[in-house]
Amino acid sequence: MTRPEPGLSATLPRVESLGWRPIAAPMLLIRHCPLRLDAHGFDHVLLGSGQAVPSLVGVVPFDASLLTVGAATAQRAREAGFQCVRSADGDAAALLTLLGSPTGGGSRVLLPTARRQGAVLAQGARQQGWRVTRRVVYRAQAATKLPSPAARELATGTVDAVLLFSAATAVAFLRCVSKLPESARSPIRAIALSEQVAVPLRAAGWSRLEVAARPEQAALLDVLGRNPRSESRDHE
């Protein structure tokens, strides 16, 4: 389970309910930064990740228009108190489609994002006629090694699958397992949230790679499926 917190804690019991034994191995450490704005004055806030939500609280009005990349980010924004939230239920391209072009005179969007992220959204929104204010509100520091429990399980060949929710976690994971022999890596199913997440895995030649039908957790867990060994135990 390479997902960082806070999403990791929410996903662990979902995986366990499918009969798997989840092993926490977050590949990113998230550090939030304060969002500084002279005034809100934006027509929409674009959220490509739920990690940006905490920095909005107390700075962006709760009745502001928030457009999110997916349902999980939308849910996190609503739980934080935001009232006008719409989800693109897809990827960056779907979010830009939801944004559309400016109408009625308004043309300003706020894009809170991580350092070195959000360029595709910013460029796409500008091409659609929006004036984009991009702010770094969190930093994602890649892990340099696997947690000890995960390293032991990988070394002994007891890991069946690895779940990857972002390209950044995929890159960090690949670096951490680069010294493992191919015989230890090849049996492991790498399950990616989207084709974008799968890119570094394809480049690395990962032999067993599967991609969720939709870029959302439920679709990724559908690919994982129930642990067949747990089903066998249920029928004993």
Side-chain angles (χ1 to χ4, degrees), residues 1-15 24 26-100 106 108-122 124-125 130-141 163-169 193-194 197 212 214-221:
M1 302 291 301
T2 64
R3 192 178 196 184
E5 291 291 7
L8 175 62
S9 293
T11 304
L12 288 172
R14 296 285 302 275
V15 171
M27 288 289 97
L28 297 176
L29 175 63
I30 305 299
R31 299 186 184 279
H32 291 95
C33 316
L35 173 60
R36 295 184 174 87
L37 297 172
D38 294 332
H40 178 59
F42 297 97
D43 300 282
H44 304 289
V45 179
L46 296 184
L47 291 175
S49 169
Q51 298 289 0
V53 171
S55 297
L56 303 181
V57 177
V59 181
V60 173
F62 282 126
D63 61 355
S65 171
L66 271 58
L67 307 181
T68 73
V69 70
T73 300
Q75 180 62 26
R76 187 170 178 187
R78 292 188 186 103
E79 289 173 351
F82 293 96
Q83 303 152 11
C84 184
V85 183
R86 288 184 288 160
S87 170
D89 294 327
D91 54 11
L95 182 52
L96 289 171
T97 298
L98 178 63
L99 174 65
R108 297 187 64 201
V109 296
L110 172 65
L111 176 59
T113 185
R115 185 169 175 260
R116 297 195 182 121
Q117 293 184 14
V120 171
L121 277 174
W130 295 92
R131 291 180 293 163
V132 179
T133 298
R134 187 175 168 194
R135 291 286 185 271
V136 172
V137 295
Y138 68 96
R139 288 178 168 81
Q141 181 180 345
L163 304 187
L164 300 153
F165 283 77
S166 73
T169 55
L193 185 69
S194 68
V197 177
R214 303 174 309 283
E216 58 187 41
Q217 176 176 277
L220 184 141
L221 295 181

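Only this structure's heavy atoms are used, side chains among them; waters, hydrogens and symmetry mates stay out. Throughout, residue positions are numbered sequentially from 1 according to the sequence presented.
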Student: Is the side chain of D43 donor-acceptor paired with the backbone N or O of R108 at a distance under 3.5 Å, no angle test?
Tutor: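 Pair found, side chain donor or acceptor close to backbone of R108.
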Student: Are P112 and L47 side-chain neighbours, meaning at least one heavy-atom pair lies under 4.5 Å?
Tutor: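 P112 vs L47: side chains touch.
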Student: With side chains defined as the heavy atoms from C-beta onward, is the minimum distance between L121 and R134 less than 4.5 Å?
Tutor: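 No, side chains not in contact.
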Student: Less than 4.5 Å apart, side chain to side chain, heavy atoms only: is that true for C84 and D63?
Tutor: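 Sidechains of D63 and C84: no contact.
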Student: Donor-acceptor pair, distance only, cut-off 3.5 Å: does the side chain of H32 make one with the backbone of Q51?
Tutor: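 Pair found, side chain donor or acceptor close to backbone of Q51.
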Student: Roughly how far, to the nearest 0.5 Å, is CE of M1 from CG of L163?
Tutor: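 Answer rounded to 0.5 Å: 5.0 Å.
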Student: Any side-chain heavy-atom pair from R76 and P54 closer than 4.5 angstrom?
Tutor: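 Side chain of R76 against side chain of P54, heavy atoms only: contact under 4.5 Å found.
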Student: Mind checking the CG-NE2 spacing from L67 to H44? Nearest 0.5 Å is all I need.
Tutor: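 That separation rounds to 5.5 Å.
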Student: Taking C-beta and beyond as the side chain, do V85 and T73 meet within less than 4.5 Å on heavy atoms?
Tutor: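 Of all side-chain heavy-atom pairs linking T73 with V85, none is under 4.5 Å.
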Student: Working to the nearest 0.5 angstrom, can you tell me the gap between L99 CG and W130 CH2?
Tutor: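 One gets 5.0 Å once the value is rounded to the nearest 0.5 Å.
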Student: Tell me the closest heavy-atom pair linking R3 and L8, and the distance in Å.
Tutor: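 Looks like O-CB, 3.2 Å.
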Student: Within a strict 4.5 Å, meaning less than it, do heavy atoms of the R135 and L37 side chains meet?
Tutor: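 Yes. Closest side-chain heavy atoms under 4.5 Å.
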Student: Using the side-chain contact (heavy atoms from CB on, under 4.5 Å) definition, which of the options L35, L46, V132 pairs with L110?
Tutor: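 Result: among L35, L46, V132, L35 is the only option passing the side-chain contact (heavy atoms from CB on, under 4.5 Å) with L110.
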Student: What heavy-atom pair brings S87 and A74 nearest, and what distance separates the two atoms?
Tutor: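 So the minimum-distance heavy-atom pair works out to CB-CB, 4.0 Å.
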Student: Give me the atom names and distance for the closest heavy-atom approach of V120 to A92.
Tutor: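 Smallest heavy-atom distance, with atoms named: CG1-CB, 4.4 Å.
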Student: Nearest 0.5 Å, what's the CG-CZ distance between L28 and F165?
Tutor: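 So the CG of L28 and the CZ of F165 are separated by 12.5 Å.
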Student: Between R139 and C33, is any pair of side-chain heavy atoms under 4.5 Å apart?
Tutor: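 R139 vs C33: side chains touch.
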Student: Atom NE2 in H40, atom OG1 in T133: separation rounded to 0.5 Å?
Tutor: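 It comes to 10.5 Å.
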Student: Would you find a donor on one side and an acceptor on the other, under 3.5 Å apart, between the side chain of T2 and the backbone of T169?
Tutor: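 Pair absent, no side-chain N/O of T2 close to backbone of T169.
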Student: Mark yes or no for whether Q217, through its side chain, and L221, through its backbone, hold a donor-acceptor pair below 3.5 Å.
Tutor: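 Between the backbone of L221 and the side chain of Q217 there is no qualifying donor-acceptor contact (under 3.5 Å).
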Student: The criterion is side-chain contact (heavy atoms from CB on, under 4.5 Å); which residues satisfy it with R214, sequence neighbours excluded?
Tutor: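 Here the qualifying residues are E216, A219, D222.
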Student: Can you tell me how far apart OG (S194) and CG (L164) are? Round to the nearest 0.5 Å.
Tutor: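 S194 atom OG to L164 atom CG measures 10.5 Å (nearest 0.5 Å).
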Student: Tell me the closest heavy-atom pair linking V60 and A64, and the distance in Å.
Tutor: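 In terms of heavy atoms, the two residues are closest at CG1-CB, 3.6 Å.
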Student: Name all pairs fulfilling the side chain to side chain donor-acceptor pair (under 3.5 Å) condition that reach into residues 110-121, sequence neighbours left out, sorted by first residue then second.
Tutor: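 Qualifying pairs, neighbours excluded: none.
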Student: Can you name the nearest heavy-atom pair linking A140 to I30, along with the distance?
Tutor: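 Looking at all heavy atoms of both residues, the closest pair is CB-CD1, 3.8 Å.
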